[in-house]
Structure formats: C-alpha cells, structure tokens
Amino acid sequence: MDDRNILEVKNLEVHFEARSGFLNNLLSREVPRIRAVDGVNFNLKKGEILSLAGESGCGKTTTGKAILRLVEPTGGKVYFRGQDLSLLTQKELREFRQQAQIIFQDPYESLNPRQTVFATVAEPLEVNRICDNTKEKEERVARALSDAGLKNPRDYFIRYPHELSGGQRQRIAIASALVLKPKFIVADEPVTMLDLSIRSGILKLMMELRDNKQISYLFITHDLSLAWLISDRIAVMYSGNIVEIGGAEQIIGSPAHPYTKALVSVIPNPERSSGTDRKLLEGEIPDPSSPPRGCKFHPRCSYAQPCCREERPLLREVEKDRFVSCHLV
Ligand code: SF4
C-alpha cells in the first residue's frame, strides 16, 4: 500500500437480497439481488478531501457505510492505514471506529433530543472508556466543541438540541465525531439540510479541520458544485460504480464521461450564457436488481454505440490520475 494513502478501496461490493413476495417464496423463485455497490475502487490520501458525487440511489451512502463497516460488504477489500478491515479482531475494530467517524445529513435526527450537548458529545468517550475522570471528560468535550467552531463551549454543556439552530446542531454532531480525534471522516451530505447562509461556515470548518488536524474526508454529495468547492478530487458514481475520478478542477473543467458532462452542464456558471450546452438527463437510474447489459448508462446516453449495449466499460486511466469508464473516451 502507498503510505501516502489512508484508505484503499478495492472492488468493494454490497449486494442485498431483495425482499421476496409470498408467491415467489411459494414457487421457490430465485430472489433478485440488489447491486447497491458493484465493484468500487479508489484511494484516499492523508489530509485529502475526496467527494463521492452522483444522483440519489447511486450507492454513494452505502459505499461510505460499507467502508466504516456499518453495512457488511459482500465482496472486495478495504484497507485503512494498510490494514485489511475484514481481518480485524473485535478489539481492532473498536480502535478503527475511533479513528474513522461519520457525520450524517440531518442534524435534527442524528442528535438525541433528550440528551444534553455534554451527554451527546461525551457518549463516544464513555462507550470507548477513554476518560478516567469527569474533569478530563469535560476538557475533552469542551475542546471538541471549540474545535467544531462553538465559542464559549462550556455554555453549551447543559443545552438541548431544540435550543440550538440548525448550524449549531451540525457543529455538535461534528464535535461528537471530533471528540475521538479521528483521522478519517465520512461526511454524508453534511450541509444538505442546512440553510444556504450556514452551509459555507460548516464547509469552511471542515477544510480548517483538514488543514489543522490532517483529517481525510470522504464527502458524499448529490451536488457537484459543492464537491467542486470543497474537494481535492471528485469521484462520480452511477448505479453502483465509479464512472469517472480525477482532480476536482479536471472533472469540472473538462468532464470526460457523458454522465459527468451532463451533471457539470447544469452547474450554475455566470460565464456561461443561459441555456447553452446544458444537457438535461432523461430517464432514471436503472433498477439495481436488473441493471442493463453493457454500459449501465447506455439507456440515457446520447453518445451510445452498439458496443455500449454489449460490453461493460472498465475504469481506465486516460491521463495521469484521471480514470474514466467509457468506450469512447
Ligand atoms: Fe455512453 Fe457508451 Fe460511454 Fe456508456 S460507454 S457512457 S453508453 S458512450
């Protein structure tokens, strides 16, 4: 493993059995498998922000959860700091979970409304039996709140989520992740539920934490313009696979895959005259239990050729550190 990488994901798969109806059970018909994540490969460098972008239902959240083993992968390997996560003992898995945290989309749901801020942020310390005494625990909680950008952190100790704004709640959720001093965070649409005016503050905080604490992020988003703003690299996901990955400026400035081109064409850009070059995507993401043969994007692709209906394109390096899966690129 390249020691500049904190994470390597190789051919990761998460396939679920679809719920089978009574008639199917009775007739012993084969249960269809949902290919939520269908062979995903990427690496994440130390201190890097990589966005995983795509429409909802493309498998990006399941990928993030499978990396953290909140969902059990059905195939492939994930290496964290060189360690194969599938081989960890229970003790090692607990240690991994201290170093790898997740921030969820909805700060209204991710916080327990009956717990004070102190109880919420101290909980990971208690679960992992990290602090011996109350004074030490208070100091760790105050530091995490301060690192999450909350001034006078001890003033928040006895407050409840309903007394806080949306931005403050998301900062509490971030503090709960920071209290364990993680090195890797999966941020799953962390600003989607927030007002526009608050979003930039949370994104700025995440970038400061990356710079000051060398935290690496997998930033999951459906919004390519956000990915552009925050990331070093962007991976575009479609129906369980990465179809293009490269530097954020490369991907936005010269998208290569037809799906990426369509997503980029609708990013608001003051330099583009209205209506020019916009490629509105028609149709839906395919059913993950019966994806189309060949390239999964071919039913929606205006460039599709006969070979696209037969042969699935591989993710190939088309220039340095830029990978695309398309027969025509
Ligand atoms: Fe379109 Fe064919 Fe490329 Fe798929 S492989 S994106 S169908 S051109």
Side-chain angles (χ1 to χ4, degrees), residues 9-15 32-43 50-63 75-76 218-228 231 233-269 272 275-329:
V9 177
K10 294 189 187 296
N11 211 19
L12 183 68
E13 286 181 1
V14 184
H15 295 177
R33 290 185 76 70
I34 297 173
R35 298 163 171 270
V37 180
D38 203 16
V40 161
N41 294 281
F42 66 88
N43 56 39
L50 171 69
S51 282
L52 201 52
E55 293 164 285
S56 37
C58 70
K60 51 195 190 304
T61 292
T62 310
T63 301
L218 184 63
F219 185 85
I220 293 172
T221 180
H222 67 280
D223 183 341
L224 213 50
S225 56
L226 269 187
W228 182 21
S231 342
R233 285 187 303 145
I234 297 175
V236 178
M237 209 166 161
Y238 185 77
S239 188
N241 298 100
I242 288 176
V243 295
E244 181 162 5
I245 182 167
E249 291 299 329
Q250 278 179 319
I251 297 279
I252 302 298
S254 59
H257 192 281
Y259 179 59
T260 318
K261 283 184 185 175
L263 295 182
V264 170
S265 77
V266 293
I267 294 178
N269 182 349
R272 188 169 48 215
T276 56
D277 295 336
R278 287 170 76 96
K279 297 177 182 65
L280 292 182
L281 275 171
E282 289 177 1
E284 302 284 330
I285 279 193
D287 177 352
S289 64
S290 59
R293 266 170 71 100
C295 174
K296 291 183 187 175
F297 187 59
H298 85 251
R300 303 172 79 186
C301 182
S302 50
Y303 303 90
Q305 303 293 312
C307 67
C308 304
R309 296 181 182 86
E310 298 300 325
E311 203 181 321
R312 187 154 293 171
L314 298 173
L315 194 65
R316 289 179 300 111
E317 190 164 24
V318 295
E319 59 183 287
K320 189 164 170 14
D321 296 330
R322 172 84 172 273
F323 296 79
V324 183
S325 78
C326 172
H327 292 308
L328 303 192
V329 178

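First listed ligand is number 1; within each ligand, the first listed atom is number 1.
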Within a distance under 2.8 Å of atom 1 (Fe) of ligand 1, the protein atoms of type N, O or S are Cys301 SG
Once salt bridge (charged side-chain N to carboxylate O under 4.0 Å, His left out) is applied, do any residues pair with Glu310, and if so which ones, sequence neighbours excluded?
Arg293
Which heavy atom of Val236 sits nearest a heavy atom of Leu263, and at what distance?
CG1-CD1, 4.0 Å
For the residue pair Tyr238 and Phe297, categorise the inter-ring angle as parallel (less than 30°), tilted (30 to 60°) or perpendicular (more than 60°).
perpendicular
With a 4.5 Å cut-off on side-chain heavy atoms, are Phe42 and Leu218 touching?
yes
State whether a side-chain donor-acceptor pair under 3.5 Å links Thr221 with Asp223.
no
Do Ser56 and His222 come within less than 4.5 Å of each other through their side chains, counting heavy atoms only?
no
